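Worksheet for the structure shown next.
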Amino acid sequence: MPEITKSYEARDVEQKWYAAWLEAKAFRGEVDPSRAPYSIVIPPPNVTGVLTMGHVLNNTIQDILIRRARLEGCSTMWLPGTDHAGIATQTVVERELRKQKKTRHDFGREKFVEKVWEWRHEKGGIILEQLRRLGASCDWDRTAFTMDPGYSKRVLHVFVELFKRGYIYRGKRMVNWCPVSLTALSDEEVIMKPVNGTLYRVRYELVDQPGRFIEVKTTRPETIPGDVAIAVHPDDPRYADVIGKKVRRPIGPAAEIPIIADTAVDKEFGSGALKITPAHDKVDYEIGLRHKLPVIDVLKPNGVLNELAGPELDGVERFAGRKQAAELLKAAGALVDEEAYSNNVGFSERADVPIEPRLTEQWWLRYPKIEEAKAAVRDGHIRFHPERWSKVYLHWLENIQDWCISRQLWWGHRIPVWYRKGGDRSDPQNWHVSVDGPADPQNWEQEEDVLDTWASSWLWPFATMGWPDEAEMKQAGFDYFYPTSTLVTGPDIIFFWVARMIMAGLEFVRPGEPIERRIPFRDVYFTGIIRDQQGRKMSKSLGNSPDPLDLIAKYGADGLRFGIISIAPQGQDIRFNEDRIEGGKNFCNKLWNACRFRQMSGEAGDNSSLATIMARLEPAKFDADDHAILDRLFATTREVDRCFSAFEFSAAVQALYSFFWNDFCDWYVEVSKAKMQAADTKANCLAIQDLVLRQTLLLLHPFIPFITEELWSLLGYGAPGTFIQDARLDNASQLATSSHARGLVLDRSQIEAVESLKVFMSQARALKAEHNLASRRDVKFFVTATDAQWATLETNLAKALRMAGAAEITRRTSVEGAPAVVTPLGTLYLDLASTVDVAAEKVRLKKELDQITKHIAGTEARLGNEAFVSKAPPAVIEGARKQLAEQQAKRTELERLLQSLG
RNA sequence: GGACCUUUAGCUCAGUUGGUUAGAGCGUUUCCUUGACAUGGAAAAGGUCACUGGUUCGAGUCCAGUAAGGUCCACCA
């Protein structure tokens, strides 16, 4: 067996094992009816994406779930892939073209789309390669892409089906228009941001009463040329006499526009009068419809004012136009005043510029299965973790609006609608809607728009598994793996993705079957957002996000995974802290060296299975520490189990950390050193170490897959050619059953004795340190103890001497004048009476006495409280009494020690 | 305007259904290169659990309110 080196070198080990896993197709998801399925579909990253800390967290959690399920005996399948990300990808490629001073229009649609595909093949999907570096155990043979021919066909099929079922319609409506991307956006892609601007007070002169004005307040004077009315509230007495009269539009093409009454106007705001510009405001548009007003669009799609804005403003960009309009108003004497004003403005999520409300023809989707989607979560068929996100989800569904699914882009799924050449496009008589198009294509032209990216990714959980083609579904194991088990994602895409996937699954999968068969996943785990030290979101533009690949190079993939999980509490945002990643690396090193020590301590016995290790245990030779470490091992196994069922990964990591580092390394391995020197106890002690290490590696493997695989192999736990994932993880009760079968019953009193020994040891070291003897290993101690206390000490004496760094500990009936400490195993004296600073020792003892006296007072007060004694549960009262007795005994002993010092 | 989250040691965070003297990691101080590990070991210092009330025998934990910070939703020009 190869020797374990002094320090753990992550890089080589990681490369070696990942290659071996791929070679063996260890991550292949196979249909196996004898086992339970466990499946995850990856939230497909943008094909343009590179690995961020968010991806690290998200995918580490998915990998943890998948690997744990594998160890529990499930047949697992983690489906990877990427999203074509319409706007983002098109923008990236257009940016490349701009370097060559070209635009997509220089190429034309077909050539441009070819360019995008070229780009994708060369540079797209880097992130999937990066996920391998992280250790992600995806079934790479299933890698999907939302623009794959098969996937695309399914997207179009869904469009056609929804159209047939009456959920899709075409209509001219106000949409959120991005003047940079030149496309419509859904409401979800608009981010509201407060903007500091100006509120202009503008006056409109009445046509038949020169000199009389109506004032309105507006933030957008450049749209005044598009004004078609002034609206007031019908009950507003200030304007009762002007309703129906006309005012002059102060700038732009001269026009007389009516004063109308509409209840949508807020009497309290501003002057109570509102300018109506139906082309550039959603509310205005609705008022315009009610009053049959014309629509005057003064903006070009790119946000530049057009000729309808008048000669002065024609061709001026919208923000420059705003200032210029104000000047024109001033010149016309129509600007009353202006004031600084902050209001919320919708921004395009992608381009980060204010969107324009714009009246355009678009395709809309009325969502299917809204009520059932609510029920799925409300009734617990789908469980959100943390649960509180379900409120956000339900609230959105309560107020859901139709979804604008068409985008004026070239990169994406072109909408499968054809219009009869020369026909009126708004007349459905002239439409052909099908996946494959009309039989006589020469007579038709296809819709230019493509679908919103989310209108393809909402099918991800089933379109990646061959749906709706029976043969492909069979091959993908659809029946077996759907619904998927857990979705791991961020709460920021509850609306974009999670809710829509639920509706899509309910609408399309296994129609007529019960809801639990149609939902796309059973659990949804929402991660937090990773923030920097100042609490800011990590983002490319701020440059505050470390490159995960750098972190992998520095700390190893395992170190990164362990570190990030340890700072990621459930559902809370995460303050990134590189120290914790370093802590992850250090933990790996600790694990490595503990295994190294095991290897150096003696030949491995038969480690090939749990049973063979159990067979090597010798219950008759178990001492207190042996009982205690197995007790802690079982308890930790149980705790990790609980953490997984509660999705508390950082708690699992903490439990494993403290068990392994504190209980095993700091204590058990240390006491082992004495036991392994005795031929009689050595074999049993090594068997126990082998048992602990085996179980620990299994429990840790989902979190740190590489190093555990390496150590599993080095310590001979697996047969050659097998992986740690081929083993089964026994739970705590299975472990207990196996050990019972071996005749081992853990002894509670022995386990408690170890707790006393630990306290004793700590106090002995502290006593040495207080007298500047911490580094000495030849110190002599005396102890005054009861027979029971001494019995515990005596049986563990060899270990105790070693651990305390003592030459001897001898029992005395009384000791005078030596520094002492009261321990659970008797009073311990340092044999240095002659050199001791009596005054300092008295101060120290006095301080301890004061403390215990305070505690006694507290305990007595509680027990003296009639209400406590009569109302608290007996166990609590009993505990308090026992505690009081112990405290009093300690006080008596401290007083005696003080007295003996004079 | 509505909903939600957070506030515990210098820093980042645990703290399960209320129950001994509130914990961990990092950082700090002192000591230690003893044959697994200095990516380590030992000891120690460090907290009015944001604030105010309430419920209770008992509150970091439950309730109400206040303050600060954050997130999401919402068509007031």
Side-chain angles (χ1 to χ4, degrees), chain A residues 4 6-8 174 192 199 216-220 231 264-266 268-271 273-277 281-286 343-344 346 357 386 388-389 391-392 395-396 399 491-492 494-495 529 531 533 535 555 559 566-567 569 571-577 579-580 582-583 585-601 642 646 648 650-651 654 657-658 662 665-666 669-670 673 761-762 765-770 772-775 777 802-803 805 851-852 854-855 858-859 862 865-873 875-877 879-880 882-884 886-887:
Chain A
I4 300 180
K6 184 168 160 132
S7 70
Y8 173 60
M174 287 302 255
M192 298 306 284
L199 190 58
V216 303
K217 287 191 173 184
T218 179
T219 54
R220 302 204 59 190
V265 180
D266 182 353
E268 309 303 321
F269 188 90
S271 62
L274 177 61
K275 76 185 200 66
I276 302 299
T277 322
D281 186 279
K282 213 173 162 187
V283 175
D284 289 8
Y285 177 68
E286 281 157 19
N343 65 336
N344 278 331
R388 65 187 152 84
W389 291 113
K391 224 180 269 180
V392 175
H395 181 257
W396 184 72
N399 300 286
D492 50 332
I494 289 181
F495 314 140
I529 292 164
R531 300 175 176 280
Q533 301 277 29
Y555 306 108
S566 77
I567 51 176
Q572 241 25 85
D573 284 358
I574 296 131
R575 201 64 70 96
F576 180 74
N577 188 342
D579 288 348
R580 294 295 282 265
E582 189 178 0
K585 180 193 180 184
N586 294 349
F587 182 79
C588 291
N589 190 62
K590 190 74 178 175
L591 179 64
W592 183 259
N593 274 289
C595 292
R596 176 167 185 255
F597 179 65
R598 166 62 193 91
Q599 194 184 54
M600 291 166 67
S601 300
R642 186 198 68 75
E648 292 176 16
S650 68
Q654 276 156 24
Y657 183 99
S658 76
N662 304 128
C665 293
D666 289 347
V669 169
E670 289 308 317
K673 287 173 181 173
M761 223 60 84
S762 181
R765 288 166 182 151
L767 193 58
K768 281 171 68 181
E770 295 260 5
N772 298 321
L773 295 168
S775 56
R777 305 198 57 79
R802 191 184 177 101
M803 297 285 278
Q851 212 170 9
I852 195 74
K854 217 187 293 170
H855 292 157
T859 314
R862 277 204 303 148
N865 183 339
E866 179 53 38
F868 173 70
V869 178
S870 60
K871 290 187 182 174
V876 173
I877 297 170
K882 195 175 155 199
Q883 182 197 352
L884 182 62
E886 282 164 10
Q887 287 169 336

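Lettering of chains follows the sequences in order, A, B, ..., and the numbering in each one begins at 1. Keep in mind that what you see is a predicted model, and the values were worked out from it rather than measured.
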Listed nucleotide nearest any side-chain atom of A/Phe269, set B/A44, B/C31, B/C76
B/C76

Could you measure between the two P atoms, the one in B/A64 and the one in B/G23, and give it in whole Å?
29 Å

Under 4.0 Å from OP1 or OP2 of B/U39: is there any side-chain N or O of A/Asn593 that close?
no

In whole angstrom, what separates A/Phe597's CZ from B/U34's C1'?
12 Å

Among B/A77, B/G19, B/A43, the one nearest any side-chain atom of A/Asp266 is B/A77

Whole-Å P distance, B/C51 and B/U7
13 Å

Measuring only the C1' atom in each nucleotide, how far is B/A44 from B/C37? A whole number of Å is fine.
23 Å

Which of B/U21, B/A77, B/A44 is nearest the side chain of A/Gln883? It is B/U21

Write down the distance separating the C1' atoms in B/U6 and B/C13, rounded off to the nearest Å.
12 Å

Between B/U56 and B/U17, how many Å separate the two C1' atoms, rounded to a whole number?
16 Å

Could you work out which one of B/A77, B/G40, B/A43 sits closest to the side chain of A/Lys590?
B/G40

Rounded distance in Å between the P positions of B/U61 and B/G53:
14 Å

Any idea which of B/A36, B/C31, B/A77 is nearest the A/Leu274 side chain?
B/A77

Would you say A/Asn586 places a side-chain N or O within less than 4.0 Å of OP1 or OP2 belonging to B/G40?
yes

Below 4.0 Å: OP1/OP2 of B/C4 and any side-chain N or O of A/Lys391
yes

What integer distance in Å separates A/Phe576:CZ from B/C13:C1'?
15 Å

Find the distance A/Asn577:CG to B/A14:P and express it as a whole number of Å.
13 Å

Please report, rounded to the nearest Å, how far the P atom of B/A74 is from the CH2 atom of A/Trp396.
10 Å

Would you mind telling me which of B/U16, B/U20, B/C73 lies closest to the side-chain atoms of A/Arg862?
B/U20

Considering only the C1' atoms, how many Å lie between B/G60 and B/A50, rounded to the nearest integer?
12 Å

I need the CZ-C1' distance between A/Arg777 and B/U34, as an integer number of Å.
6 Å

N or O in side chain of A/Arg388 less than 4.0 angstrom from B/C4 OP1/OP2
no

Whole-Å distance between B/C37 C1' and A/Met600 CE?
10 Å

Is it true that A/Arg802 and A/Glu670 have a side-chain N and a carboxylate O under 4.0 angstrom from each other?
no

Has A/Ser601 got a side-chain N or O lying under 4.0 Å from the OP1 or OP2 atom of B/A36?
no

Counting just side-chain N and O atoms, does A/Lys6 come under 4.0 Å of either OP1 or OP2 of B/A36?
no

Spacing between A/Asp666 atom CG and B/A43 atom C1', to the nearest angstrom
13 Å

Taking atom C1' in both B/U28 and B/C11, what distance in whole Å separates the two?
12 Å

Roughly how many Å is it from CG in A/Asn662 to P in B/G40, rounded to a whole number?
13 Å

Side-chain donor/acceptor of A/Glu670 to base of B/A36, under 3.5 Å:
yes

Nearest to side-chain heavy atoms of A/Phe868, which nucleotide of B/G70, B/G19, B/A77:
B/G19

Examine B/U12: is either OP1 or OP2 under 4.0 Å from a nitrogen or oxygen in the side chain of A/Arg575? Give yes or no.
yes

